[in-house]
Asker: 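This structure is in structure tokens; I'll ask about it shortly.
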Amino acid sequence: MGAGRQVSISLDGVRDKNVMQLTKLNVALFPVRYNEKYYADALASGDFTKLAYYSDICVGAIACRLEKKEGGAVRVYIMTLGVLAPYRRLGIGTKLLNHVLDLCSKQNISEIYLHVQTNNEDALNFYKKFGFEITDTIQNYYTNITPPDCYLLTKLITQTKK
């Protein structure tokens with residue numbers, strides 16, 4: 001990029017009319033194919049699922065599912081977070097994750113979690129920077145990719161005082 005040229009990174013909600021952008025990103029980013037329930041959960045999560053644009057090009061996304069825990073509390077599951085390779089290390093993944101963490105804080109959601117393949121060092125390091133911790137190892141979580149094991153990463157969120 002040219003020196004001094006400001007490039008904007010913006011986030012947009014996922015809706016019926018642009019859910020194909022999320023589908024295309026997922027095909028390019030992940031070795032897993034996602035089913036209708038994934039997309040229904042992503043759409044149902046509202047602001048917790050976002051597309052990221054780099055100078056008006058869709059280059060990344062975060063898709064979450066809201067889950068009710070016993071007692072009625074809500075926790076957030078990050079189904080996917082990904083940025084196309086040429087656009088990594090530009091703060092796009094950070095912007096996506098911070099957006100969701102801020103929403104959790106504002107909505108008094110105290111827990112957020114996800115699964116990461118055990119050999120995905122980049123993802124593990126990324127999430128650890130944000131205070132996620134490995135809370136479990138699940139053997140044979142994935143069926144069609146190697147290694148099939150994953151880590152469960154969890155972050156407990158302290159609420160912002162109003």
Side-chain angles (χ1 to χ4, degrees), residues 1-67 75-107 109 111-134 141-148 150-155 157:
M1 301 296 138
R5 185 165 167 251
Q6 191 61 37
V7 176
S8 72
I9 298 167
S10 59
L11 303 183
D12 190 22
V14 176
R15 300 172 290 283
D16 286 331
K17 69 177 181 141
N18 67 358
V19 74
M20 274 309 293
Q21 292 279 19
L22 181 58
T23 307
K24 287 177 185 172
L25 279 170
N26 286 344
V27 168
L29 288 167
F30 304 112
V32 182
R33 294 297 155 253
Y34 294 96
N35 60 23
E36 290 297 315
K37 183 177 181 342
Y38 165 96
Y39 292 100
D41 287 343
L43 287 166
S45 80
D47 268 352
F48 286 89
T49 295
K50 291 286 186 184
L51 297 171
Y53 291 85
Y54 181 88
S55 286
D56 300 326
I57 303 163
C58 188
V59 298
I62 189 167
C64 298
R65 178 174 70 224
L66 304 181
E67 300 177 344
R75 68 179 180 172
V76 172
Y77 175 62
I78 300 175
M79 298 187 293
T80 54
L81 167 57
V83 176
L84 296 174
Y87 299 93
R88 291 182 188 150
R89 303 213 172 278
L90 298 172
I92 297 166
T94 294
K95 186 167 185 145
L96 286 163
L97 185 55
N98 277 333
H99 167 79
V100 168
L101 293 174
D102 289 347
L103 275 179
C104 287
S105 206
K106 288 176 184 158
Q107 295 187 24
I109 295 170
E111 183 183 353
I112 184 166
Y113 76 106
L114 68 146
H115 296 96
V116 174
Q117 196 174 10
T118 53
N119 68 340
N120 191 341
E121 291 293 325
D122 287 346
L124 290 168
N125 292 332
F126 175 78
Y127 288 109
K128 284 179 179 176
K129 280 193 314 197
F130 291 88
F132 283 79
E133 295 178 0
I134 295 172
Y141 178 78
Y142 300 107
T143 52
N144 296 319
I145 56 177
T146 304
C150 76
Y151 293 122
L152 182 68
L153 273 68
T154 305
K155 178 178 173 68
I157 298 165

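Residue numbers start at 1 and run along the sequence shown. Excluded from the calculations below are hydrogen atoms, water molecules and symmetry mates; all remaining heavy atoms, backbone and side chain alike, are included. Quick caveat: nothing in here was measured; it's all calculated off a predicted structure.
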Asker: What are the two closest non-hydrogen atoms of T49 and C64, and how far apart are they?
Answerer: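 In terms of heavy atoms, the two residues are closest at OG1-N, 3.1 Å.
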Asker: Supply the atom-to-atom distance R75 CZ to L66 CG, rounded to the nearest 0.5 angstrom.
Answerer: 11.5 Å
Asker: Take Y34 and T80 through the side chain to side chain donor-acceptor pair (under 3.5 Å) test and state the conclusion after the steps.
Answerer: CA-CA 10 Å; Y34 294 96; T80 54; 5.6 Å; no
Asker: Taking side chain as C-beta onward, heavy atoms only, is F130 less than 4.5 Å from N98?
Answerer: yes
Asker: Got L84 and L25 here, is their nearest side-chain heavy-atom distance under 4.5 Å?
Answerer: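 Sidechains of L25 and L84: in contact.
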Asker: Of all heavy-atom pairs between L81 and F30, which one has the smallest distance, and what is that distance?
Answerer: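 So the minimum-distance heavy-atom pair works out to O-CZ, 3.8 Å.
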Asker: Assess whether atom CG of N144 is packed by more than 12 heavy atoms of other residues, nucleotides or ligands within 6.0 Å.
Answerer: no
Asker: Look at the rings of H115 and Y141 and say which category their plane angle falls in: under 30° parallel, 30 to 60° tilted, over 60° perpendicular.
Answerer: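 Because their plane-to-plane angle is under 30°, the rings of H115 and Y141 count as parallel.
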Asker: Would you compute the distance between atom OG of S10 and atom OH of Y54 and round it to the nearest 0.5 angstrom?
Answerer: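 If we round to the nearest 0.5 Å, S10:OG and Y54:OH are 12.0 Å apart.
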Asker: To the nearest 0.5 Å, what is the distance between CE (M79) and NZ (K37)?
Answerer: 8.0 Å
Asker: Using the salt bridge (Lys or Arg N to Asp or Glu O under 4.0 Å) rule, collect all pairs that involve residues 48-57, keeping only residues at least two apart or in two chains.
Answerer: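 Salt bridge (Lys or Arg N to Asp or Glu O under 4.0 Å) check on residues 48-57 returns D47-K50.
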Asker: The test is side-chain contact (heavy atoms from CB on, under 4.5 Å); show your working for L124 and L153 and say whether it passes.
Answerer: CA-CA 8 Å; L124 290 168; L153 273 68; 3.8 Å; yes
Asker: Taking distance alone, no hydrogens or angles, what donor-acceptor pairs closer than 3.5 Å link side-chain atoms of residues 86-96 to residues at least two apart or in another chain?
Answerer:
unit_1: R88; atom_1: NE; unit_2: V83; atom_2: O; d: 2.7
unit_1: R88; atom_1: NH2; unit_2: V83; atom_2: O; d: 2.9
unit_1: K95; atom_1: NZ; unit_2: I9; atom_2: O; d: 3.0

Asker: Run C104 and F48 through side-chain contact (heavy atoms from CB on, under 4.5 Å) and show every step you take.
Answerer: CA-CA 9 Å; C104 287; F48 286 89; 3.9 Å; yes
Asker: Say you draw a straight line from OH of Y127 to CG of D122; how long is it, rounded to the nearest 0.5 Å?
Answerer: 11.5 Å
Asker: Where is the tightest heavy-atom contact between T118 and E121, given as atom of each residue plus distance?
Answerer: O-OE2, 4.4 Å
Asker: Quick one: does D41's side chain get under 4.5 Å of Y77's, heavy atoms only?
Answerer: no
Asker: Just wondering, do Q21 and D12 contact through their side chains at under 4.5 Å, heavy atoms?
Answerer: no
Asker: Measure the shortest side-chain to side-chain distance between V14 and Y39 over non-hydrogen atoms and say whether it is less than 4.5 angstrom.
Answerer: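 V14 vs Y39: side chains apart.
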Asker: Could you report the tightest heavy-atom contact between I145 and V32, atom names first, then the distance?
Answerer: CD1-CG2, 4.2 Å
Asker: Out of L103, T154, I78, which one pairs with I112 under the side-chain contact (heavy atoms from CB on, under 4.5 Å) rule?
Answerer: I78
Asker: With a 4.5 Å cut-off on side-chain heavy atoms, are V27 and K24 touching?
Answerer: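 No. Closest side-chain heavy atoms not under 4.5 Å.
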Asker: Search all heavy atoms of D16 against all heavy atoms of L43 and return the closest pair with its distance.
Answerer: OD1-CD1, 3.5 Å
Asker: Under the side-chain contact (heavy atoms from CB on, under 4.5 Å) rule, what do L97 and F126 come out as? Steps first, then yes or no, please.
Answerer: CA-CA 10 Å; L97 185 55; F126 175 78; 3.7 Å; yes
Asker: Around E133, counting heavy atoms of other residues, nucleotides and ligands shown, do more than 12 lie under 6.0 Å from its CD?
Answerer: no
Asker: Any side-chain heavy atom of Y38 sitting closer than 4.5 Å to one from L22?
Answerer: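 In short, these two side chains touch, coming nearer than 4.5 Å.
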Asker: State whether the side chain of Q117 and the backbone N or O of P147 hold a donor-acceptor pair below 3.5 Å, judged by distance alone.
Answerer: yes
Asker: Roughly how far, to the nearest 0.5 Å, is the NZ atom of K106 from the CD1 atom of I157?
Answerer: 12.5 Å
